[in-house]
Amino acid sequence: MKILMVGSGGREHALIKKLAESPKCDKIYCAPGNGGIASDAECVNIGAMDIDNMVKFAKDNAVDLVFVAPDDPLAAGMVDSMEKAGIRAFGPNADAAIIEASKVFSKNLMKKYGIPTAKYEVFSDPDKAIEYIESENTTPVVVKADGLALGKGVIIAQTIDEAKDAVKSIMEDKKFGDSGNNIVIEEYLTGPEVSVLAFTDGKVVKPMVSSKDHKRAYDNDEGLNTGGMGTVSPNPYYTDKIAQECYDTIFIPTIEAMSKEGRKFKGCLYFGLMITPNGPKVIEYNARFGDPEAQVVLPRLKTDLVDICEAIIDEKLSDIDIEWYDGAAACVVMASGGYPLSYKKGVEIKGLDENGGVDGAIVYHAGTKLENGKLYTNGGRVLGVTAKADTLDEALDKAYNAVKKINFEGAHYRTDIGRTK
Ligand code: AMP
Ligand code: GLY
């Protein structure tokens with residue numbers, strides 16, 4: 001089979017390495033890919049949002065399976081366009097990807113179908129939103145832009161003034177562009193967070209092993225929210241009992257709700273959960289694999305990922321038993337100094353071998369480029385240094401030992417991945 005991966009981050013690198021293990025896989029392309037992905041796939045210079053050229057490339061090269069990994073092309077209907085052209089594609093159609101692309105949609109869905117989530121109100125008028133914040137008069141309060149905002153569209157306001165500023169910056173200053181035409185104001189929840197990615201063909205849902213993301217930039221969960229600074233799997237807070245409760249009250253009801261709405265979800269559905277004192281609740285849905293959750297979940301997958309993708313496309317997921325390796329995995333993200341705000345690009349990365357790897361770990365490349373045989377930084381998150389072991393402590397030791405062998409000017413990573421709530 002010829003496979004085309006759409007995207008360019010650490011998640012895509014992890015997906016490619018897993019797909020490459022399949023005996024069915026002969027050739028992998030990645031568009032646009034990155035410097036490290038180039039060791040595992042043929043990178044093609046087509047932007048992840050360039051749907052027309054992506055379809056043309058897939059057709060011209062007789063690609064058997066297109067894997068659309070990032071949120072934007074899913075929301076823009078890349079899977080729909082592939083299907084129209086007769087090309088098999090993994091990922092939800094646009095009408096299902098809306099579960100991530102619109103928080104107003106997902107909150108209303110949860111309310112309609114009784115799926116546990118934070119209480120909320122939706123506003124399209126900033127004055128009404130501010131009136132509501134003043135009348136509720138509770139803090140912290142959470143202000144969310146409706147649309148996609150690179151994981152940055154959520155503001156947890158500690159004071160009423162901060163909440164009002166958040167409304168103004170999202171709705172009036174358009175900090176996140178049109179994503180902020182509508183906002184959700186919601187109740188602040190507490191408890192450990194869990195990421196559960198699940199395979200689903202719209203009929204059955206098969207949760208993957210759990211994981212935990214560390215979203216804040218600095219140790220002790222300080223600093224700004226990022227796309228994710230590191231992950232571990234399994235998530236120590238996700239007990240079997242909680243997993244069963246989530247399956248019954250969240251996973252199954254969500255898949256059924258989407259089907260009832262005529263928006264059958266096929267692909268990987270990401271449940272961002274919080275284990276609150278009143279039980280597990282949904283913080284957000286993503287219509288795709290998480291990044292860097294994929295980097296710790298996929299190395300633990302035993303079953304052929306190509307078979308799983310095909311079963312999902314054919315709506316035969318119930319026929320497959322999905323198996324996982326025991327033990328644990330840890331991923332430490334090495335980021336450019338300054339991320340998630342502004343940072344330098346084009347800094348040489350030292351300590352990697354000619355395949356962009358390092359002994360004792362798997363190095364997933366997130367933001368790198370290859371020039372004259374040398375690797376340079378090319379993004380905020382640069383590398384996801386990952387290790388698998390029998391225990392989480394061992395996996396973390398292995399990952400951190402590998403991190404110490406790699407360096408680039410300004411490199412920043414958290415030293416407490418797997419250690420905080
Ligand atoms: P999201 O992009 O919706 O995942 O939100 C980013 C992060 O903000 C989440 O991972 C949580 O840490 C936090 N967050 C979002 N919604 C809430 C909430 N209702 N209560 C507390 N924290 C939240
Ligand atoms: N790591 C969180 C996400 O992929 O949205």
Side-chain angles (χ1 to χ4, degrees), residues 7 9-12 14-15 69-72 74-75 97 99-107 110 116-121 136 138-158 163 166 170 176 179-180 183-197 208 210-217 221-233 235 237 268-278 280-298 331 333 335 340 364 366 380-381 384 414 417 420-421:
R11 164 186 55 207
E12 286 76 3
L15 285 162
D71 47 4
D72 290 309
L74 288 168
I99 198 167
E100 168 171 13
S102 168
K103 291 197 193 288
V104 172
F105 172 85
S106 68
K107 294 297 290 189
M110 287 185 270
T117 188
K119 287 200 198 73
Y120 73 101
E121 291 293 333
E136 288 287 297
T138 43
T139 53
V141 58
V142 183
V143 182
K144 298 185 173 184
D146 175 36
L148 298 174
L150 294 170
K152 294 171 193 163
V154 173
I155 297 171
I156 299 181
Q158 300 298 334
I170 296 175
F176 307 112
S179 288
I183 58 167
V184 172
I185 297 186
E186 73 177 27
E187 169 198 18
Y188 176 76
L189 299 175
T190 56
E193 284 183 57
V194 182
S195 305
V196 180
L197 318 180
M208 303 182 211
S210 64
S211 56
K212 164 155 191 55
D213 187 13
H214 295 266
K215 286 207 168 93
R216 299 297 196 97
D221 290 329
E222 283 168 16
L224 293 172
N225 257 329
T226 68
M229 292 298 293
T231 36
V232 295
S233 173
N235 185 314
Y237 296 94
C268 168
L269 182 54
Y270 168 130
F271 298 89
L273 307 169
M274 195 174 267
I275 314 302
T276 77
N278 299 317
K281 295 193 180 182
V282 177
I283 291 284
E284 64 158 350
Y285 294 110
N286 292 325
R288 52 171 175 84
F289 277 84
D291 186 346
E293 283 89 344
Q295 288 87 319
V296 287
V297 169
L298 290 170
C331 169
V333 170
Y364 296 122
R381 292 188 291 177
R414 280 183 59 162
I417 298 304
T420 62
K421 242 168 70 173

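Please read all numbers here as calculations on a predicted model, not as lab measurements. When a ligand or atom number is given, it counts from 1 through the structure's own listing order.
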Novice: With sequence neighbours excluded, tell me which residues meet salt bridge (Lys or Arg N to Asp or Glu O under 4.0 Å) with Glu293.
Specialist: none
Novice: Ala166: which residues meet the side chain to side chain contact (heavy atoms under 4.5 Å, CB included) condition with it, sequence neighbours left out?
Specialist: Val143, Ile155
Novice: Rounded to the nearest 0.5 Å, what's the gap from CD1 on Ile185 to NZ on Lys144? Could you check?
Specialist: 12.0 Å
Novice: Compute the centroid of each ring, for Tyr270 and then for Tyr285, and state whether the two points are separated by less than 6.0 Å.
Specialist: no
Novice: Do Asn286 and Asp71 touch side chain to side chain, with heavy atoms closer than 4.5 Å?
Specialist: no
Novice: CD of Glu100 to CG of Leu74: how many Å apart, nearest 0.5 Å?
Specialist: 8.0 Å
Novice: Quick one, list the residues around ligand 1 where some non-hydrogen atom comes in under 4.0 Å, by chain and residue number.
Specialist: Lys103, Ala118, Val142, Lys144, Val154, Ile156, Glu186, Glu187, Tyr188, Leu189, Glu193, Lys215, Asn225, Met274, Ile283, Glu284
Novice: Return the protein residues near ligand 2 (heavy atom under 4.0 Å from any of its atoms), ordered by chain and residue number.
Specialist: Asp213, Gly227, Tyr270, Asn286, Arg288, Gly290, Asp291, Pro292, Glu293
Novice: Answer yes or no: is there an ion pair linking Glu186 with Lys107, defined by an N-O contact shorter than 4.0 Å?
Specialist: yes
Novice: Any side-chain heavy-atom pair from Lys215 and Met229 closer than 4.5 angstrom?
Specialist: no
Novice: Indicate whether the side chain of Asp213 and that of Thr231 have a donor and an acceptor atom separated by less than 3.5 Å.
Specialist: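 There is no such pair (donor and acceptor under 3.5 Å, judged by atom type) between the side chains of Asp213 and Thr231.
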